[in-house]
2 protein chains.
Amino acid sequence: MRIGELARRTGVTERALRYYEEQNLLKPARLPSGYRDYAPSDAEAVRHIRSLLAAGLPSHLIAELLPCMVDTGDGLMPGCRSMLEPLEAERDRLTAAIEELTAARELLTALIDRTPEDDSEYDAWVAAHAVA
Amino acid sequence: MRIGELARRTGVTERALRYYEEQNLLKPARLPSGYRDYAPSDAEAVRHIRSLLAAGLPSHLIAELLPCMVDTGDGLMPGCRSMLEPLEAERDRLTAAIEELTAARELLTALIDRTPEDDSEYDAWVAAHAVA
DNA sequence: CTAAACCTTGACGTCGACGTGAGGGTCAAG
DNA sequence: CTTGACCCTCACGTCGACGTCAAGGTTTAG
C-alpha cells in the first residue's frame, strides 16, 4: 500500500510516516515510480511506534527494538539481549513517569471534587471566620 | 530566601526559577539590591509547579491555577470556578496519557520478562522447527 | 488529452522548558 | 582593597517530532 492509505489506516500523517523512515523505524519498499510501498504489517508496526514514542522512548532506541520484535511477537530475538539493559531503564523511567502523572491527576481531582457547586459554602466559611 | 537557596531546597536550577517568574508562576519580592526574595511557601509552590509541568499542563494554565490554591489547600478559591472546565479537560487528558504509558510499559515488560537468559531456548526452538 | 489526486525530495518553521554564555552589579570575608 | 561567591538582565542555542510550504513527477478518471 502507498503512503496515503497507511496514513488513513493508522491515523498518522504522511509527514510522520516519512519521518519514521528517515529515523529508520520503517523501511518501505519502493515502486518503480519512486513511491513508497508499505507492507500490511507496517500498520501494526506504526501502532507500536506511536505507543513507544508517546512513552518518550528515543527513536533510535525504537529503531533498534523493532527488528527484535518481528516474528516472535513476544520475547526478544536472539542477538538482541544487549537491549535488555536500556529496555529495563526505560521501563523504570516509565514507572516513575506514571507515578508523577498519577500524583498530578490526584492533585487536580482533589481540587475539582472539593470545589463547591457555588460560592455558598465559601461565603459561609468567610462569615464564620470574619474578624468581627 | 534568595534564588540559590530555593534552588538547593527544591532541586531545580536557578534558570528554571527565573523562567517560572517570567511565566508568572512565581512572583518573588525584590531586595533593594534587585535580588529575588522568595517566601518559604514558594518551595511548596515549586513542587506543585514541577508536578503539573511534568504532567504536561501549559504554564499559563498553571499560572491561573496557583492563585486559586493558596490558603485553602484543597478546593478552588471563589471566583475560580471558571477553571473547572479546563481542569477537567486536563484530568481527562492525564487519564488517557497514563493509559498510554501503561500500555507501553506492558509492552516493554512483556518483552523483558519473556526473553530467556541465554539463547538456549531459542536454539532449541530453531532446532525443533528446522526445515530438516 | 487534461485535470485532479497522489506522490516525491528538500528545507525552513514551530513549540516549550529550559541550557549556556556574555557582561556586569552586590556582598561578606580576610 | 581584593577576591570569591552570589546575583542580575539580555539573548541566542537546543532538542524532538513533526507542520508547512515549494517545486516538481506519477497515476487515474473522464
Side-chain angles (χ1 to χ4, degrees), chain A residues 1-39 42 45-66 86 90 93-94 97 100-101 104, chain B residues 1-39 42 45-66 86 90 93-94 97 100-101 104:
Chain A
M1 94 189 70
R2 296 184 306 188
I3 199 170
E5 188 175 346
L6 183 59
R8 261 166 274 142
R9 287 198 194 179
T10 59
V12 312
T13 65
E14 302 181 4
R15 177 67 176 90
L17 292 175
R18 295 194 186 99
Y19 176 73
Y20 295 159
E21 180 181 13
E22 191 181 312
Q23 301 297 310
N24 300 309
L25 303 182
L26 292 175
K27 282 150 198 163
R30 294 293 181 141
L31 297 172
S33 57
Y35 288 10
R36 289 171 179 81
D37 185 24
Y38 292 94
D42 283 337
V46 167
R47 275 181 268 280
H48 283 150
I49 292 171
R50 298 288 296 182
S51 175
L52 295 173
L53 277 181
L57 271 78
S59 56
H60 76 266
L61 185 59
I62 302 178
E64 293 183 84
L65 183 55
L66 285 181
E90 290 297 332
R93 197 181 52 71
L94 278 184
E100 268 193 293
L101 290 197
Chain B
M1 95 190 69
R2 295 183 308 187
I3 199 170
E5 188 175 346
L6 183 59
R8 260 167 275 142
R9 287 197 194 179
T10 59
V12 312
T13 66
E14 301 181 6
R15 178 65 176 93
L17 293 175
R18 295 195 186 98
Y19 175 74
Y20 296 160
E21 180 181 13
E22 190 182 314
Q23 301 297 309
N24 301 308
L25 303 182
L26 292 176
K27 282 151 199 160
R30 293 291 182 140
L31 297 172
S33 57
Y35 289 9
R36 290 171 179 81
D37 185 24
Y38 293 93
D42 284 337
V46 166
R47 274 182 269 279
H48 283 151
I49 291 171
R50 297 289 295 180
S51 175
L52 295 174
L53 277 181
L57 272 79
S59 56
H60 70 83
L61 185 59
I62 302 178
E64 293 182 85
L65 183 55
L66 287 180
E90 289 299 332
R93 196 182 55 70
L94 278 184
E100 269 194 291
L101 291 197

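Throughout, a chain's letter reflects where its sequence line sits, starting with A, and its residues are numbered from 1.
Between the CZ atom in A:Arg2 and the CZ atom in A:Arg8 there is a gap of 9.0 Å [rounded to 0.5 Å].
Under 4.0 Å is where a charged nitrogen must lie from a carboxylate oxygen, and between B:Arg93 and B:Glu90 at least one such pair does.
The phosphate of C:dA17 has OP1 or OP2 within less than 4.0 Å of a side-chain N or O from B:Tyr19. Residue B:Tyr20 places none of its side-chain N or O atoms closer than 4.0 Å to OP1 or OP2 of C:dA17. Of the side-chain N and O atoms in A:Ser59, none sit less than 4.0 angstrom from OP1 or OP2 of D:dG16.
A:Arg50 places its CZ atom 11 Å from the P atom of D:dA17, with the value rounded to the nearest Å. Across the protein-nucleic acid pair, B:Leu57 atom CG and C:dG16 atom C1' stand 13 Å apart, rounded to whole Å. We find that NE2 of B:His60 is positioned 11 Å from C1' of C:dG16, with the value rounded to whole Å. Atom pair B:Glu22:CD and D:dA11:C1' shows a separation of 11 Å (rounding to whole Å applied). The CG-C1' distance, from A:Leu6 to C:dT8, rounds to 17 Å in whole Å. Between the CG atom of B:Leu17 and the P atom of C:dA17 there is a distance of 15 Å, rounded to whole Å.
Each of B:Leu61, B:Leu25, B:Leu65 was checked for a side-chain contact (heavy atoms from CB on, under 4.5 Å) with B:Leu52, and the lone residue meeting it is B:Leu65. Of the listed residues (B:Glu14, B:Glu21, B:Met1), just one forms a side-chain contact (heavy atoms from CB on, under 4.5 Å) with B:Arg36, and that residue is B:Glu21.
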Can you check side-chain contact (heavy atoms from CB on, under 4.5 Å) on B:Ile62 and B:His48, steps first, answer last?
CA-CA 9 Å; B:Ile62 302 178; B:His48 283 151; over 6 Å; no
Report the C-alpha distance between A:Asp42 and A:Thr10 in whole Å, list the side-chain angles of each, state the deciding distance to 0.1 Å, and finish with yes or no for side-chain contact (heavy atoms from CB on, under 4.5 Å).
CA-CA 10 Å; A:Asp42 283 337; A:Thr10 59; over 6 Å; no
List every contact pair, protein side and nucleotides 6-10 of chain D side both N or O, where the distance is under 3.5 Å.
residue : atom : partner : partner atom : Å
D:dC6   : O2   : B:Tyr35 : OH           : 3.4
D:dC7   : OP1  : B:Gly4  : N            : 2.8
D:dC7   : OP2  : B:Glu14 : OE2          : 3.2
D:dC8   : OP1  : B:Arg36 : N            : 2.9
D:dC8   : OP1  : B:Arg36 : NH1          : 2.8
D:dC8   : OP2  : B:Arg18 : NE           : 3.2
D:dC8   : OP2  : B:Arg18 : NH2          : 2.9
D:dC8   : OP2  : B:Arg36 : NH1          : 3.3
D:dC8   : O5'  : B:Arg36 : NH1          : 3.4
D:dT9   : OP1  : B:Arg30 : NH1          : 3.1
D:dT9   : OP1  : B:Arg30 : NH2          : 3.1
D:dT9   : OP2  : B:Arg36 : NH1          : 3.0
D:dT9   : OP2  : B:Arg36 : NH2          : 2.7

